[in-house]
Q: 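Got a structure for you, written out below as structure tokens; questions coming shortly.
FYI, side chains are in, hydrogens and waters are out, and symmetry mates aren't considered; it's all heavy atoms of this structure. Naming convention: chains lettered A, B, ... in sequence-line order (proteins, then strands); numbering from 1 in each chain. Being a predicted model, the structure only gives us computed values, none of them experimental.
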Amino acid sequence: MSETPAKPPARAAKSKELPEHLKAYRHVWVFIELEHGRVHSVSWELLGEARKLADTLKVDVAGVVLGPAGEGTDQAVAEAFHYGADQVYLVEDPLLTNYRTDPFTKALTDLVNTHKPEILMLGASTLGRDLAGALATTLATGLTADCTELAIDGTSRALAATRPTFGGSLLCTIMTLAARPQMATVRPRVMSMPEPDRSRAGPVIRERLDMVEEDIVTKVLDFIPDADTNQAQLAFADIVVAGGLGLQRPENVQLVKDLAEVLGAEYGCSRPLIQKGWMTADRQIGQTGKTIRPRLYIAAGISGAIQHRVGSEGADRILAINTDPNAPIFDFAHHGIVGDALEILPALTEAFRARLAVDRLAG
Amino acid sequence: MSQGLTMVVCIKQVPDSAQIRVHPVTNTIMRQGVPTIINPYDLFALEQALALRDQLGGTVTVLTMGPQMAETSLRKAMGHGADRAILLTDRFFAGSDTLATSFALSAAIGKINAETPVDVVFTGKQTIDGDTAQVGPGIARRMGLNQLTYVSAIPAIDKAAGEITAHRRAEGGVQVLKTKLPCLVTMLEGTNELRRGSLPDVLRAERAEITTWNAKDAGIEDVTKCGLKGSPTKVSKVFAPKPRSERAAMIEGADATPAAIAAAAVETLVAADPALPGVITRPSALA
């Protein structure tokens, strides 16, 4: 009650203007997600996007590679140049062997504070989201998650990050005007994969991790690879086949699996089948399950409620099969078959099998 | 000395997206009448906390930041068995982004912690309206809690030793992590099923006193770190996505047999994406 009211205009201006000391922040960075010796493809997709932003801003693109020496770091650095980086920041340390929040946050925070990028992008993977949330809080800067489009605002020179909101029914464009770096995460397969240029190379700036194992409270006891646990890789699959209530009986899930097998695809389902226990929860496609962005999605006997739509409409191409010609799924599918999934699925399995056999003879 | 676990579960009241309709003519969201629910992901966090209380004793406090009407979700959570509910509500919180949200929630958790030291803070892995998955890590960082995201199971927790072991979903596998309490856990979906509330719990929830805190109550002195002012991200515009211009092109075969329709479908898909057969790489596909 006795507090002095703030002057709203002054504060409004303050939040929209970049403070002088942040004007030195330059260049576009991409965190290269390297784990178990392999780089997540989303990192290369982001480098392609970073290249476009940097060209608009007339600045450089840098990749950031963190990991233990000898476990894919050299390859990751070389490829970062191929996919569009002008320079690479490299921190090699055994503490970066398995992802843990603290050492990765420390390494990246120190790099940002030393070299001052204006934009920092990370993949919206489980690792990227764990790291981005910690990092943005530490740096007290703006983070826009799950962007679907990135551009530069002409007047403010700020990153204009567009993302879905309200359950994917609306889009909003978000800018961080008074803090740096501007952080953004993007889901895998949202941006296209750039064409690598194997002749590109550039300078590598090495920094050290200022941390010892005793500083890190969390220990990795084990890593259980998915091959052993049969975890669905739906989010990253090129082709996905899914079934819904149109399958009618639990044993008909096999028809979905058969087609997936022939296509080398992952299989999944809509929410009701999870509730019935016909498939495990990791195979649910939809807002409360997995978001998929495959090249081809075949949805059989799924009506296409919004909950399912927001998890699947990122597919490049959707073929829907439903007995009801007015099912909402035909509003966002590219191709439709009005028919019984129980008849069409086995026919598709045979037709693809025949087609692939022809291709193999020809090729 | 150990008195069970003191746990806080952060929940959010969100519009039920399954009920959201887009106006067919204006292509805008029809907000009227859309029911609100507890963010579905948060239910897995709530059940995990209740299960740990069953196992080791302790208390489960549900905490939400939102308008007064978010009280509904807190009562629901109490009906499922939570011991206590706190609503963090203040006009200063309006327009919070993830950074400002984690600031306000951290202040409230800090106040709870001052009463009884908190062992575990739970959140869902993300919300269904914002989908960012960033508030949990934000709270952890601000409060110096050890961060465990995308947790699918907690095989061991030992309050006396101050240790917790968790399974964390990672790319391509599961990490088994061991860390110290206090920690922040974001629970993965599908890891448990929320119990039905017992009749006494449901009745208690209806009459229960919901603790309501404003910014000052939560110990926040600098309200410029809250809400719109405390949010470095600014929404510059909100717009409707372009509706797909046409409905699905229907595939019909040479005759109405499934085989003819399927053959036509394969031709259509390959014509639309000639590289598609090359994507089909699994050896078994060629068998």
Side-chain angles (χ1 to χ4, degrees), chain A residues 35 101 125-127 129-130 133-134 137-138 141-146 166-167 169-177 179 217-226 238 261-264 281 287-288 295 306-307 317 320 330-337 343-344 347-348 351-352 355-356 359-360, chain B residues 17-18 20 22 29 40 102 128-129 131-134 137-138 141-142 146-147 149-150 169-180 189-190 229 232-241 244 247-251 258-259 261-263 265-266 268 272-273 277 279-282 284-286:
Chain A
E35 221 183 357
T101 312
S125 57
T126 52
L127 188 164
R129 289 188 191 215
D130 186 285
T137 309
T138 306
T141 190
L143 163 63
T144 308
D146 290 356
F166 221 114
S169 308
L170 291 176
L171 296 169
C172 62
T173 300
I174 293 172
M175 296 198 273
T176 296
L177 297 170
V217 176
T218 303
K219 310 295 176 192
V220 180
L221 302 184
D222 199 2
F223 182 81
I224 307 161
D226 278 340
D238 277 324
E261 175 76 15
V262 164
L263 294 175
Q287 191 171 10
T288 48
R295 188 168 184 137
I306 284 203
Q307 129 80 22
R317 193 156 294 278
F330 292 127
D331 291 339
F332 63 96
H334 304 80
H335 307 286
I337 295 173
E343 293 177 354
I344 301 293
L348 274 176
F352 269 112
R355 168 74 202 210
L356 290 166
D359 280 6
R360 198 188 188 192
Chain B
S17 69
I20 293 174
V22 178
I29 295 281
S102 68
I128 62 166
D129 59 343
D131 270 324
T132 67
Q134 302 300 349
R141 209 42 33 188
R142 287 182 185 281
N146 296 306
Q147 175 173 326
T149 54
Y150 303 99
R169 166 115 302 267
E171 304 298 328
V174 171
Q175 277 186 325
V176 183
L177 297 174
K178 185 174 189 175
T179 194
K180 299 269 187 214
E189 75 279 12
K229 284 175 187 166
T233 61
K234 308 288 171 198
V235 176
S236 71
K237 64 172 176 176
V238 178
F239 55 104
R244 263 183 48 76
R247 278 171 53 88
M250 292 301 170
I251 297 169
I261 294 170
V266 171
T268 305
D273 182 2
V279 177
I280 303 170
T281 50
R282 192 178 287 181
S284 64
L286 304 171

Q: The criterion is salt bridge (Lys or Arg N to Asp or Glu O under 4.0 Å); which residues satisfy it with K219(A), sequence neighbours excluded?
A: E213(A)
Q: If you round to the nearest 0.5 Å, how far is CG of D222(A) from NZ of K178(B)?
A: 13.0 Å
Q: Shortest non-hydrogen contact from C172(A) to V235(B)?
A: CB-CG1, 4.1 Å
Q: Is D273(B) salt-bridged to R295(A), cutoff N-O under 4.0 Å?
A: yes
Q: Grab the two heavy atoms, one from A351(A) and one from V266(B), that are nearest each other, plus how far apart they are.
A: CB-CG2, 3.6 Å
Q: Is it the backbone or the side chain of A134(A) that comes under 4.5 Å from a heavy atom of chain B, or both, or neither?
A: both
Q: Among R142(B), Q147(B), K180(B), which residue has the highest count of heavy-atom pairs closer than 4.5 Å to chain A?
A: Q147(B)
Q: Identify the residue among T176(A), L177(A), L143(A) that makes a side chain to side chain contact (heavy atoms under 4.5 Å, CB included) with P232(B).
A: T176(A)
Q: Which atom names give the shortest non-hydrogen contact between F223(A) and G173(B), and what distance separates them?
A: CZ-CA, 3.5 Å
Q: List the residues meeting side-chain hydrogen bond (donor to acceptor under 3.5 Å, both in side chains) with T149(B), not counting sequence neighbours, and say none if there are none.
A: D130(A), R168(B)
Q: Taking the side chain as every heavy atom from C-beta outward, state whether F330(A) and M250(B) have any atom pair closer than 4.5 Å.
A: yes
Q: Has S236(B) got a side-chain atom pairing as donor or acceptor with T173(A)'s backbone, closer than 3.5 angstrom?
A: yes
Q: For A248(B) versus G336(A), what's the shortest heavy-atom pair and its separation?
A: CB-N, 3.8 Å
Q: So which of N146(B), L177(B), V176(B) has the biggest tally of heavy-atom pairs under 4.5 Å with chain A?
A: V176(B)
Q: Determine the option with the most heavy-atom pairs under 4.5 angstrom with chain B, choosing from R317(A), R129(A), E35(A), E343(A).
A: R129(A)
Q: Just verifying a value: how many Å separate R141(B) CZ and T101(A) OG1, rounded to the nearest 0.5 Å?
A: 7.0 Å
Q: Can you tell me how far apart OG1 (T137(A)) and CD (Q134(B)) are? Round to the nearest 0.5 Å.
A: 8.0 Å
Q: Quick check against the 3.5 Å criterion: does E171(B) have a side-chain atom that pairs as donor or acceptor with the backbone of T126(A)?
A: yes
Q: So, taking the atom named OG1 in T132(B) and the one named CG in D146(A), what distance separates them when rounded to the nearest 0.5 Å?
A: 8.0 Å
Q: Looking only at non-hydrogen atoms, find the nearest pair between I337(A) and A265(B) and report the distance.
A: CD1-CB, 3.9 Å
